[in-house]
Protein chains: 2
Amino acid sequence: MAGGTIKTMSGFKPRLDDINFTLNHVADLEQISKLNGYQHADPATVSVILEEAARFVTEVMAPLNRVGDEQGSVLDENGNVKTPAGFKEAYDKYVESGWSASHMPAEWGGGGLPHTVGVAIDEMYKSANLAFALCPMLTHGAVIALVTHGSDYLQQTYLEKLVSGEWTGTMNLTEPEAGSDVGALRTKAVKQDDGTYRISGTKIFITWGDHDLTDNILHLVLARTPNAPEGTRGISMFLVPKFIVDENGEPGTRNDYSIVSIEHKLGIRASPTCVISFGESGDGAVGYLVGEEMAGMRNMFTMMNAARIGVGMEGLSISERAYQQALAFARDRLQGRPIGAGSEDSVAIVEHPDVRRMLLTMKAYTEAARCLLYITAQEADFSLYADSEERKQVADNRLAVLTPIVKAWCTEVGVEMASLGIQVHGGMGYVEETGAAQNLRDARIAPIYEGTNGIQAMDLVLRKLPLDNGEVIARFITEMAQVLDEMNEHDDLSAFRDELTNALQGLADTSTWLGERLAAGEIDEALAGATPYLRQFGTVVAGWLMARSAIAAKGRPAELDDDFVAGKVVTARFYGEHLLPQANGLIPTIKAGNKLLADAQL
Amino acid sequence: MAGGTIKTMSGFKPRLDDINFTLNHVADLEQISKLNGYQHADPATVSVILEEAARFVTEVMAPLNRVGDEQGSVLDENGNVKTPAGFKEAYDKYVESGWSASHMPAEWGGGGLPHTVGVAIDEMYKSANLAFALCPMLTHGAVIALVTHGSDYLQQTYLEKLVSGEWTGTMNLTEPEAGSDVGALRTKAVKQDDGTYRISGTKIFITWGDHDLTDNILHLVLARTPNAPEGTRGISMFLVPKFIVDENGEPGTRNDYSIVSIEHKLGIRASPTCVISFGESGDGAVGYLVGEEMAGMRNMFTMMNAARIGVGMEGLSISERAYQQALAFARDRLQGRPIGAGSEDSVAIVEHPDVRRMLLTMKAYTEAARCLLYITAQEADFSLYADSEERKQVADNRLAVLTPIVKAWCTEVGVEMASLGIQVHGGMGYVEETGAAQNLRDARIAPIYEGTNGIQAMDLVLRKLPLDNGEVIARFITEMAQVLDEMNEHDDLSAFRDELTNALQGLADTSTWLGERLAAGEIDEALAGATPYLRQFGTVVAGWLMARSAIAAKGRPAELDDDFVAGKVVTARFYGEHLLPQANGLIPTIKAGNKLLADAQL
């Protein structure tokens, strides 16, 4: 404790004004609430729900963020994971108050809120306590998998408990020698006469793979049946419960697997990351096939696309948290005087231009990432419920393009903003008690898991750029360019407009260049530029969304006060005039190709 | 431990080939060794010394890096700091083998090596074990302060023991309410009849403020005498020994201060960061005036400029370490197949274009930072020993410009490269056992201390840009442009040459624009762009140095093998064609001014 001056910051509060603004004026909640199935989610109702969610995360989840990091989850001598003090009580409240079910499918007892609203709630969870919020995120993934691919038996037996949060879910993909290359996995599944399977093998990096929050845990495990083909084609998905459910639907016999260890991680320390060994003491753990044999990868991608958006959210959530924390510190901390000021009195550091630059950078990236997340979730809703097949197709394509961008761009930005948050704190930021350091440690996982950001960039270039012969992305750029006409009507947006014009041209240029490489079969030439291309793409899309934000705010919706409007326009312009121009600085590296990379003496 | 596959990396080895190349062909060690006072440091002798240093850090310092992080230094119940297992033995070896003295002044028993060689040794120390190496760095600062400002008594009593490393030194600037604003400090110093002073007050963030490595510790403390003027003008510097030295020169009475606590930090955990309370139990701790009363800030800057270069070094050192670690992992880790390859066999991830991009980015920034550090140290040598006043003046100016750039640019790059090192490791990078995470945690302090990077940017714009009415920087840009003619003779450098031409024009443009703002008294307009201007400046200087590196390598000095030459040219070109172009992407934000920052609703 540095001389008694450190203030810890448990006082995180969701920024409901910007959340509501983004939902209603960048995304279009009104329109979403008119879709079949979402009629109960009108903007007024949603606004009340969000206020309640904000109260819940502020009172229940946020106060446990620091203690969760300090204590971490630990593996006890009996091989059970014990979560930090207060987590069990908080989780119970989370289940009892119905938050687990809020954006789960209505037919299984959920609140059936649109994805667009779900991400807003998820943002609050993850800002308040990322390690805690990962548990529900994994459960949500398991629900999606079972709703989409589960047999009647599996759905009837497990879905209601997962939706309510009484039980939790996990994803078991990675093995010691199979990380990004899932197809290399070796865990075995052998069919029994009763139709169940016996699973044996070791899985690593299992998030919330064990804990003491609920009385059962359901693992979705990728494994290979005997004689299955090599690679991803030979993979099947199984549900492996911690306790095998008896005929009354209650947890019974302990299944045959053990928690070998939990990782000592850089961050998200309250979230236990487990090594699980299946079938150590017998023929294998009892598993139930999910979907068809050999369809495991397809099933997993059903969960994965949602999970990638959920991981992108981690970047936004930590940025928001880091921004609030840095701002509170900068307002409080007296240090120095403005250059040229007559007075000898110290001022709060929030008055210094360089500190304002850091804070406004954090605010701008955070608000831009929020736009990106919410419109992506909106496309997921259109993809499910739009009233025409044509609109659904547009949404599917848009979602396909945005998913890797959301995952990689938002998480990279999240790490950078968390690091900037430390910098605003100066020396106090390096001391763990302030919590700024924890933000960086927590944020650093997000560019890695659910497909590294390098994998996302490959996905964007190899799978998404070729959609419709490049026309999906070309149309997207054309659509983005339409905002330029609207910007023309606002003199104060002219510098932003010029930068956005250049940036869109730059994106069209690199998209065309990369498309040509693919068409010529020069795959490595294209892959060499994939990561900076994704960064450029995300930076430009965020620029388009910040332009739309500025215009929407200038339209002065009735519920917004003058300060919010003025602030939004300044933040959007800062993004456009200060940050967006960096996108075109990436063009040379995107188009430089693979030659030097191939020749490098590493 | 993730499934038994994690390899820890204690096998750090200094990259002597690149260190020697940079010393001899980017810096000019031959010329330095002809300066009066440095004749013993001819390139052949230095090469042998560096080999020995490399062996020492590999065998003694590097193996303690991980254990130092795990155990950290702790404060025991008696108020004494205990260092991690092995640190005391390693430090003893460091003193006994004479490494402490190697680049200390010869007249006090040191080896008197040039700064240019000193930074090369310092790089190895800090790559091997940053937390350990901070202790000698602080001692070195104390030596500089006493050599420059100490009385005969202080020099005779303390210098030999500091030079040998038998005793260590610290810097005591910061107080709870006086961080970057040193002038606000309140620690008091009252003169006694015997000429000594009594010091009372609290200092925070004292690096290696206490430990069990030596039998005395010498604190250089900034304090305010009674009736001294407010602000930095009223500050004096005092030497406060842990044990007051008796007439035989031996440690005697314990001085009146206590270690209140040590910080729980994000990284460099083996380096104890102390809160020290002076004069708790009596009239104050005994202190000896260093230099004149009221000259404390000037004295401190004598140490500070060297210390800023030393902190810039931390960025380089961690980058090198992170690169080696990531490369070893990428060579070892089998995962995936090249796109389009016929074979089903997994390849090492070092074969994938995106992984090669990350590694080559790390290598290029590391080598560029090495050039920057070494030529800056060379200017320090010229500043002291050049054979004409004119050359000394040039060196002084060049050193003044480069110091904030080295401090801020290299440390920002260091954090980014450490983060990239984690990314290369994938999930394994997030697990502490691999050590990649420690690199990021250790690196993150460097942009903060010895003047935050924001302070460095202000220094560059407010103090360095105006030197000689802007001519110092203008001449530097002109000198850098001379390399363009040399590049003309190499066809393979033409793309790099185009980028460097643009980048130098960009730097001239922003330098002029900022100079005009200062001339017009628009200080905040200039300060708003200071941080991106420093980033641009560092990126361009590094580009110039990488161009010189390529040309020097192409000249095929006899000692270099073909692989090294080819590798250096590729790395330099990658810097020039992929990384350097990002500099001009910063121009709009540098020239956008303060308007939006001032208007921001934070």
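Every value quoted in this text rests on a predicted model; they were computed, and no experiment measured them. Convention: sequence-line order gives letters A, B, ...; per-chain numbering from 1.
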Between [X] and chain A, which part of the residue has a heavy atom less than 4.5 Å away: side chain, backbone, both or neither?
{"X": "Ala598(B)", "value": "backbone"}
{"X": "Asp563(B)", "value": "both"}
{"X": "Ala600(B)", "value": "both"}
{"X": "Tyr449(B)", "value": "neither"}
{"X": "Leu440(B)", "value": "side chain"}

Leading residue by heavy atom contact count with chain B [cutoff under 4.5 Å; candidates [options]]:
{"options": "Gln582(A), Glu175(A), Glu432(A), Arg573(A)", "answer": "Glu432(A)"}
{"options": "Pro532(A), Ala330(A), Gly454(A)", "answer": "Pro532(A)"}
{"options": "Ala457(A), Ala436(A), Ala178(A)", "answer": "Ala178(A)"}
{"options": "Arg444(A), Met358(A), Lys203(A), Gln438(A)", "answer": "Arg444(A)"}

Side chain, backbone, both or neither: which part of [X] has a heavy atom under 4.5 Å from chain B?
{"X": "Tyr323(A)", "value": "side chain"}
{"X": "Leu602(A)", "value": "both"}
{"X": "Ser419(A)", "value": "both"}
{"X": "Thr571(A)", "value": "neither"}
{"X": "Lys265(A)", "value": "both"}
{"X": "Arg331(A)", "value": "side chain"}
{"X": "Glu416(A)", "value": "neither"}

So, [X] side chain and [Y] main chain: donor-acceptor pair closer than 3.5 Å or not?
{"X": "Tyr430(B)", "Y": "Gly267(A)", "result": "yes"}
{"X": "Arg357(A)", "Y": "Thr531(B)", "result": "no"}
{"X": "Gln335(B)", "Y": "Asp181(A)", "result": "yes"}

### Message
So, taking the atom named CG in Leu360(A) and the one named CD in Gln601(B), what distance separates them when rounded to the nearest 0.5 Å?
### Response
10.5 Å
### Message
Return the NE2 to CG distance between His578(A) and Leu596(B), rounded to the nearest 0.5 Å.
### Response
5.0 Å
Could you check which of [options] has the highest count of heavy-atom pairs closer than 4.5 Å to chain A?
{"options": "Asp599(B), Val415(B), Ile445(B), Val570(B)", "result": "Ile445(B)"}
{"options": "Ala583(B), Pro588(B), Ala530(B), Ala566(B)", "result": "Pro588(B)"}
{"options": "Asn584(B), Leu597(B), Thr273(B), Leu579(B)", "result": "Leu597(B)"}

Taking all atoms of both residues into account, what is the closest heavy-atom pair of [X] and [Y], and its distance?
{"X": "Asp524(A)", "Y": "Pro353(B)", "value": "OD1-CG, 3.6 Å"}
{"X": "Arg441(A)", "Y": "Arg441(B)", "value": "CD-CD, 4.1 Å"}
{"X": "Gly427(B)", "Y": "Ile448(A)", "value": "N-CG2, 3.3 Å"}

Counting C-beta onward and ignoring hydrogens, is there a side-chain heavy-atom pair between [X] and [Y] closer than 4.5 Å?
{"X": "Glu433(B)", "Y": "His264(A)", "value": "yes"}
{"X": "Leu527(A)", "Y": "Arg356(B)", "value": "no"}
{"X": "Phe574(B)", "Y": "Lys595(A)", "value": "no"}
{"X": "Gln423(A)", "Y": "Thr452(B)", "value": "yes"}
{"X": "Leu266(B)", "Y": "Ile422(A)", "value": "yes"}

